[in-house]
Visitor: 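Could you have a look at this structure, given as structure tokens, before my questions?
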Amino acid sequence: MKTNTKLKPVKKADLQVVKPVKTTKYSDINLNAWKDYGHVLTGTLWQFPSRLKQHGHSNEYHGNYIPQIAQQMYERYTKKNDIVLDLFFGSGTSGIEAINMERRCIGVELKDELAESVSEKFTPKQLVTDVNIICADSASELAVEKIKARLDVMGEKKAQFLMLHPPYDDIIKFSDKKEDLSNCATTEEFYDLFERVAKNGYDLLEKGRFACLIIGDSYKNSEVQPLGFECMNRMRKLGFVLKSTIVKDIQGNERGKGRTANLWRYRALAGGFSIFTHEYIFVFQKK
Ligand SMILES: C[S@@+](CC[C@H](N)C(=O)[O-])C[C@H]1O[C@@H](n2cnc3c(N)ncnc32)[C@H](O)[C@@H]1O
């Protein structure tokens, strides 16, 4: 049988140009396929209709942040296997999302019973290789030593991302411990303690990498306490370079506010202030 060995000429239009993957030093986002990342937010106003409750997340801890923030931060500012250091670990949102997105995490939490119960959200294997939970005061030298020891076990010298979600001064009291940032005698003391934690975070973060501060403002003595701006400035003072100031809509993500909405509206009208419907997400880079 005679076979046709004559090849058809290839037309230029038939050739599909496959561009090489192009990423930054701090993210796996392929810049040569940037149009595929429509889900990654680059604007400064963030609105999520509701809190993500699947994939290991729940809303049992009063004062946790919504997991969508971790998802956005990790995708833009971390690579697979990177270590996220969270110095206010709380109910472990940063750790759960680290597992979901194949990152690793070291979390520091002051309350020992909380640190213990959060450990139950992870498998024994994950607690060895992927998530390390430390019970300590994040402002202390002891915490730094413990974090360094865990980094060493995980084969790293520094963390690749820093997450800071401190108490918003005394809005929610987390414990009676004197080291607790929600237990400070004055707001000035809160700022100073926050700065000490942020300084530890700065020292433990790899150069060129990013940090995220999530925080809202408060009212005290009929006056706004600009916690967000002050903490942001304390971080700039430490050497962090401010990269983004994001305003996040908190309506719909908060628990229980609906019940007292009318009362707050009356108070606002009578007292000349506005009801907080946002919090801040500040993004920094360590140059
Ligand atoms: C706003 S919550 C963080 C919630 C967490 N991001 C989550 O999603 O569950 C702040 C946490 O910081 C803890 N905390 C307060 N002072 C601390 C300190 N000095 N060192 C470590 N943790 C502290 C509190 O116990 C509380 O759990």
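Just so you know, these numbers come straight off a predicted model, no measurement behind them. Along the sequence shown, residues carry numbers from 1. Just follow the structure's listing: the first ligand is 1, and inside any ligand the first atom is 1.
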Visitor: So is Ser175 in contact with ligand 1, going by heavy-atom distances below 4.0 Å?
Guide: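 Contact check Ser175 vs ligand 1: negative.
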Visitor: Can you pull out the closest protein heavy atom to atom 4 (C) of ligand 1? Residue, atom name and distance to 0.1 Å, please.
Guide: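 The protein heavy atom lying closest is Gly63 O, 3.4 Å.
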Visitor: Regarding Asp180 and Ser175, do their side chains bring together a donor and an acceptor under 3.5 Å, going by distance alone?
Guide: yes
Visitor: Does any N or O of ligand 1 fall below 3.5 Å from an N or O anywhere on Phe174, backbone included?
Guide: no
Visitor: Does any donor atom in the side chain of Glu223 or Asn221 lie under 3.5 Å from an acceptor atom in the other side chain?
Guide: no
Visitor: For atom 14 (N) of ligand 1, which protein heavy atom lies nearest, and how many Å away is it?
Guide: Phe88 CD2, 3.9 Å
Visitor: Report yes if Ser182 has an N/O atom closer than 3.5 Å to an N/O atom of ligand 1; otherwise report no.
Guide: no
Visitor: Check contact between Ala136 and ligand 1, using heavy atoms of the residue and a distance below 4.0 angstrom.
Guide: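 Contact check Ala136 vs ligand 1: positive.
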Visitor: To check your reading of the model: name the closest protein heavy atom to atom 9 (O) of ligand 1, its residue, and the distance in Å.
Guide: Ser91 OG, 2.6 Å
Visitor: Which ligand 1 atoms, with their elements, are less than 4.0 angstrom from a heavy-atom of Pro166?
Guide: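 Every atom of ligand 1 under 4.0 Å from some heavy atom of Pro166: 1 (C).
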Visitor: Are any of the N/O atoms in Leu110 less than 3.5 Å from those in ligand 1?
Guide: yes
Visitor: Looking only at protein heavy atoms, identify the closest one to atom 6 (N) of ligand 1 and say how far it is in Å.
Guide: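 Heavy-atom neighbour on the protein nearest atom 6 (N) of ligand 1: His165 ND1, 2.9 Å.
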Visitor: Looking at atom 8 (O) of ligand 1, what's its closest protein heavy atom, distance included?
Guide: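 Scanning the protein heavy atoms, the shortest distance from atom 8 (O) of ligand 1 goes to Thr93 OG1, 2.6 Å.
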Visitor: Do Glu97 and His55 have side-chain N/O donor and acceptor atoms under 3.5 Å apart?
Guide: no
Visitor: Do Asn233 and Glu230 have side-chain atoms, one donor and one acceptor, less than 3.5 Å apart?
Guide: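 Checked: Asn233/Glu230 side chains show no N/O donor-acceptor pair below 3.5 Å.
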Visitor: Output the list of atoms in ligand 1 that are nearer than 4.0 Å to some heavy atom of Ser138, sorted by atom number.
Guide: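 Every atom of ligand 1 under 4.0 Å from some heavy atom of Ser138: 18 (C), 19 (N), 20 (N), 21 (C).
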Visitor: Tell me: protein heavy atom nearest atom 13 (C) of ligand 1, and distance?
Guide: Glu109 OE1, 3.4 Å
Visitor: At what distance is the nearest protein heavy atom to atom 15 (C) of ligand 1, and which residue and atom is it?
Guide: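 Protein heavy atom at minimum distance: Asp180 OD1, 3.2 Å.
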Visitor: For atom 27 (O) of ligand 1, what is the closest protein heavy atom, and at what distance to 0.1 Å?
Guide: Tyr61 OH, 2.6 Å
Visitor: For ligand 1, is there an atom lying under 4.0 Å from some heavy atom of Leu87?
Guide: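 Contact check Leu87 vs ligand 1: positive.
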Visitor: Would Tyr168 count as a contact of ligand 1 if the rule is a heavy atom under 4.0 Å away?
Guide: no
Visitor: When you measure from the centre of the six-membered ring of Tyr202, is the NZ or CZ of Lys286 under 6.0 Å away and within 45° of the axis?
Guide: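 Ring-cation test returns yes.
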Visitor: Between atom NZ of Lys146 and atom OG of Ser138, what is the distance when rounded to the nearest 0.5 Å?
Guide: 11.0 Å
Visitor: Do the ring centers of Phe161 and Tyr26 come within less than 6.0 Å of each other?
Guide: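 They do not qualify: ring centres at least 6.0 Å apart.
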Visitor: Can you measure from SG (Cys212) to CD1 (Ile281) and round to the nearest 0.5 angstrom?
Guide: 6.0 Å
Visitor: Does the side chain of Asn183 pick up a donor-acceptor pair with the side chain of Lys178 at under 3.5 Å?
Guide: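 Side-chain D/A pair, Asn183 to Lys178: absent.
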Visitor: Heavy atoms only: give me the nearest Gly107-Phe89 pair and the separation to one decimal.
Guide: CA-CD1, 3.4 Å
Visitor: Should you measure from each heavy atom of Asp137, which atoms of ligand 1 turn up under 4.0 Å away?
Guide: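 What qualifies from ligand 1 is 18 (C), 19 (N), 20 (N).
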Visitor: Would you say Tyr65 has any N or O atom under 3.5 Å from an N or O of ligand 1, going by distance alone?
Guide: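 Yes; at least one N/O pair falls below 3.5 Å.
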Visitor: Does Ala139 reach ligand 1, in the sense of a heavy atom lying below 4.0 Å from it?
Guide: no
Visitor: With atoms numbered from 1 as shown, which atoms in ligand 1 lie under 4.0 angstrom from a non-hydrogen atom of Lys111?
Guide: 25 (O)
